[in-house]
Amino acid sequence: MNHYNGRWNHVHQLWKNALSQEIFPQFDRWLSNEFAKNSKYGSKDRRWYSDILFASVRHGYFALLCTHIYPRPFTDQLVEEFKNKFKTPEDIFAGFKAANPEDFFDWVSLRYDSHDNRNSISEDKKNYFKSLVAHLNDNLMFHSVPIWFLDYYNGRLNQSNFNKQQMQLFLNNLDSRPPLWVRVNHLDRKNEVIQELKKENYSVEDFHATIKITGAKGVFSLNSYRNGLFEIQDLASQKIGLHVKAEPKQYVWDCCAGGGGKTLQIASFLKNKGVIYASDIREYKLEEVKKRAKRSGFFNIRCLTWNGESLPQFQKEVQIKGGFDWVLVDAPCSSTGTWRRNPDAKYRVHTENINNLCKLQLSILSKASEAVLAGGHIVYSTCSWIVEENEGVVAQFLQNHPEFKLVEQNLLGSPFENADTMFAAVIKKHN
């Protein structure tokens, strides 16, 4: 067996291992665990396997279409037949399992534009692929967006009034991973961060507190990261945090804090003056917040669990103040806006999941709004581009709560910037 064929055999086996899971796994974590179990994979091999396997996730729906219709002449009827056969995430997962790996990865490689690395692809398949590109280039299936997202996609086009260039850029971005964005915790020490990054041969683009970096290795071993001088945070996520215009001495509640990326960002605005509460239903996430806060030198972060129902028991200082100046509701969502980074997410979401999420989002937003003091603000955000989860939830909230008014709402990141796609709305409570 030559090295080339051996590599592809390993790819096929890794893919088969991924498909042996009960549902499509969170792929980055799953692949890291697979690599950890197999010391035979060197760093260069791991990078190559990772690129190909993530391409198989990113372009898998299109590759499945190809395996279904090839070598028959392309017709709209064949496409409809495919749509009817693969209507749910479970259908797609089963299709991945049933597909011949040789054929499947031929189509992945053609779509990934890496067929020079796969010498088994026939000229007939290459020509068939070219004809598919001509037929489907502007179609969601070419960009591996499952058919049940079509109405949501059209809803976003209408809501945001994307022009043709923005629409194409939005789709093209789904085919690639966004760059690595980091956020500086202490601006007075930004030069230390940049100097170390450049010393370690990273390419650096400086945007005030935000830095875009490119390099061949991870940043976790850097002293400036270990010392809490910067955090990894996507640009769109940082833009959400910037909607919370908190000032020193104010009180802030990040009620769905997760691992605390936005909590730390807001803490950097407060400069250890004022208070920020971070809550989440998962206690282990709050332990992560505490560790990150300590590493970054922020001492005004209070952590407490919250299940999204009755308000948590804040310390007496909040009662004395009368509530919070700012409340951030970064709500649980479908994560459609993170497909560039986590393409596996699109194979786990049903339409009914989205309907249930909208109800949950409205419930959390409504309950959290009770903690806003008169004249204060609540920022509602998601990492989704679906209108129903964003503008739709905001509209329903305002209808139910006339004591609040909308200040602004924005779709963030792609297609306007090279990042994930997220949403933020600023809502003010009347004095």
Side-chain angles (χ1 to χ4, degrees), residues 54-55 57-63 65-66 74 76 79 83 108 110-114 129-181 203 205-208 210-214 233-240 242-243 333-343 345-346 349 354 381-392 394 408-425:
F54 263 93
V57 181
R58 186 166 280 117
H59 306 300
Y61 187 64
F62 172 77
L65 169 67
C66 294
F74 176 88
D76 291 338
V79 174
K83 290 178 182 178
V108 168
L110 285 165
R111 183 65 183 85
Y112 181 47
D113 199 26
S114 66
F129 173 77
K130 290 177 183 177
S131 71
L132 282 182
V133 171
H135 284 293
L136 296 174
N137 192 30
D138 291 329
N139 191 291
L140 288 187
M141 285 189 296
F142 183 72
H143 300 276
S144 283
V145 178
I147 188 61
W148 57 89
F149 287 102
L150 176 60
D151 288 343
Y152 296 120
Y153 172 71
N154 287 333
R156 173 48 62 194
L157 295 187
N158 292 333
Q159 177 70 39
S160 295
N161 197 26
F162 287 167
N163 59 36
K164 187 170 183 179
Q165 182 180 9
Q166 290 169 330
M167 177 184 71
Q168 195 61 55
L169 184 58
F170 180 78
L171 290 174
N172 289 342
N173 282 345
L174 292 178
D175 295 333
S176 65
R177 188 177 178 88
L180 181 63
W181 295 93
S203 172
E205 294 182 55
D206 180 7
F207 303 92
H208 191 54
T210 302
I211 302 174
K212 184 170 78 169
I213 65 176
T214 307
Q233 187 179 10
D234 184 77
L235 178 63
S237 176
Q238 293 186 47
K239 291 292 182 71
I240 288 175
L242 291 174
H243 282 72
C333 69
S334 62
S335 299
T336 54
T338 68
W339 284 355
R340 296 185 68 187
R341 204 175 302 277
N342 302 300
K346 61 189 171 185
V349 177
I354 295 172
S381 66
T382 74
C383 54
S384 169
W385 46 260
I386 292 177
V387 173
E388 285 81 353
E389 296 183 82
N390 297 325
E391 292 92 342
V394 170
E408 61 174 314
Q409 56 184 356
N410 303 293
L411 194 71
L412 310 170
S414 177
F416 314 111
E417 295 169 300
N418 191 6
D420 289 334
T421 304
M422 300 187 184
F423 172 85

I'd like to check the salt bridge (charged side-chain N to carboxylate O under 4.0 Å, His left out) partners of Arg341; sequence neighbours left out, ordered by chain and number. Asp234, Asp420
Name all residues meeting the salt bridge (charged side-chain N to carboxylate O under 4.0 Å, His left out) criterion together with Glu391; count only those two or more places apart in sequence or in a different chain, and write none if there are none. Arg156
Minimum-distance pair of heavy atoms, taken over all atoms of [X] and [Y]:
X: Ala236; Y: Ala419; result: N-CB, 4.0 Å
X: Ser144; Y: Lys346; result: O-NZ, 3.0 Å
X: Ala425; Y: Val394; result: CB-CG2, 3.8 Å
X: Pro178; Y: Asn418; result: CA-OD1, 4.3 Å
X: Thr382; Y: Glu389; result: CG2-O, 3.9 Å
X: Ser414; Y: Asn173; result: OG-ND2, 2.8 Å

Can you tell me if CG on Asp76 sees more than 12 non-hydrogen neighbours from other groups inside 6.0 Å? no
Taking CD in Gln165 as the centre, count heavy atoms belonging to other residues, nucleotides or ligands within less than 6.0 Å. Is the count above 12? no
Return the [atom1] to [atom2] distance between [X] and [Y], rounded to the nearest 0.5 Å.
X: Phe129; Y: Leu110; atom1: CZ; atom2: CG; result: 5.5 Å
X: Leu180; Y: Ser203; atom1: CG; atom2: OG; result: 11.5 Å
X: Ile386; Y: Phe149; atom1: CD1; atom2: CZ; result: 5.5 Å
X: Leu65; Y: Lys83; atom1: CG; atom2: NZ; result: 10.0 Å
X: Leu169; Y: Leu174; atom1: CG; atom2: CG; result: 10.0 Å
X: Thr210; Y: Leu242; atom1: OG1; atom2: CG; result: 7.0 Å

For [X], all residues meeting side chain to side chain donor-acceptor pair (under 3.5 Å), sequence neighbours excluded:
X: Gln166; result: none
X: His59; result: none
X: Asp151; result: none
X: Glu417; result: Lys239

Is there a donor-acceptor pair under 3.5 Å between the side chain of Asp206 and the backbone N or O of His208? yes
How about [X] and [Y]: do any of their side-chain heavy atoms sit closer than 4.5 Å?
X: Arg177; Y: Arg58; result: yes
X: Phe142; Y: Val133; result: yes
X: Ile147; Y: Leu140; result: no
X: Leu411; Y: Phe416; result: yes
X: Thr336; Y: Val349; result: no
X: Leu235; Y: Lys212; result: no
X: Ser381; Y: Met422; result: no
X: Leu412; Y: His243; result: yes

Check the pair Leu132 / Cys66 against side chain to side chain contact (heavy atoms under 4.5 Å, CB included), numbers first and verdict last. CA-CA 9 Å; Leu132 282 182; Cys66 294; 3.5 Å; yes
Parallel, tilted or perpendicular: ring planes of Tyr153 versus Phe170, cut at 30 and 60 degrees: parallel
Residues Phe74, Val79; criterion side chain to side chain contact (heavy atoms under 4.5 Å, CB included); working and verdict: CA-CA 8 Å; Phe74 176 88; Val79 174; 3.5 Å; yes
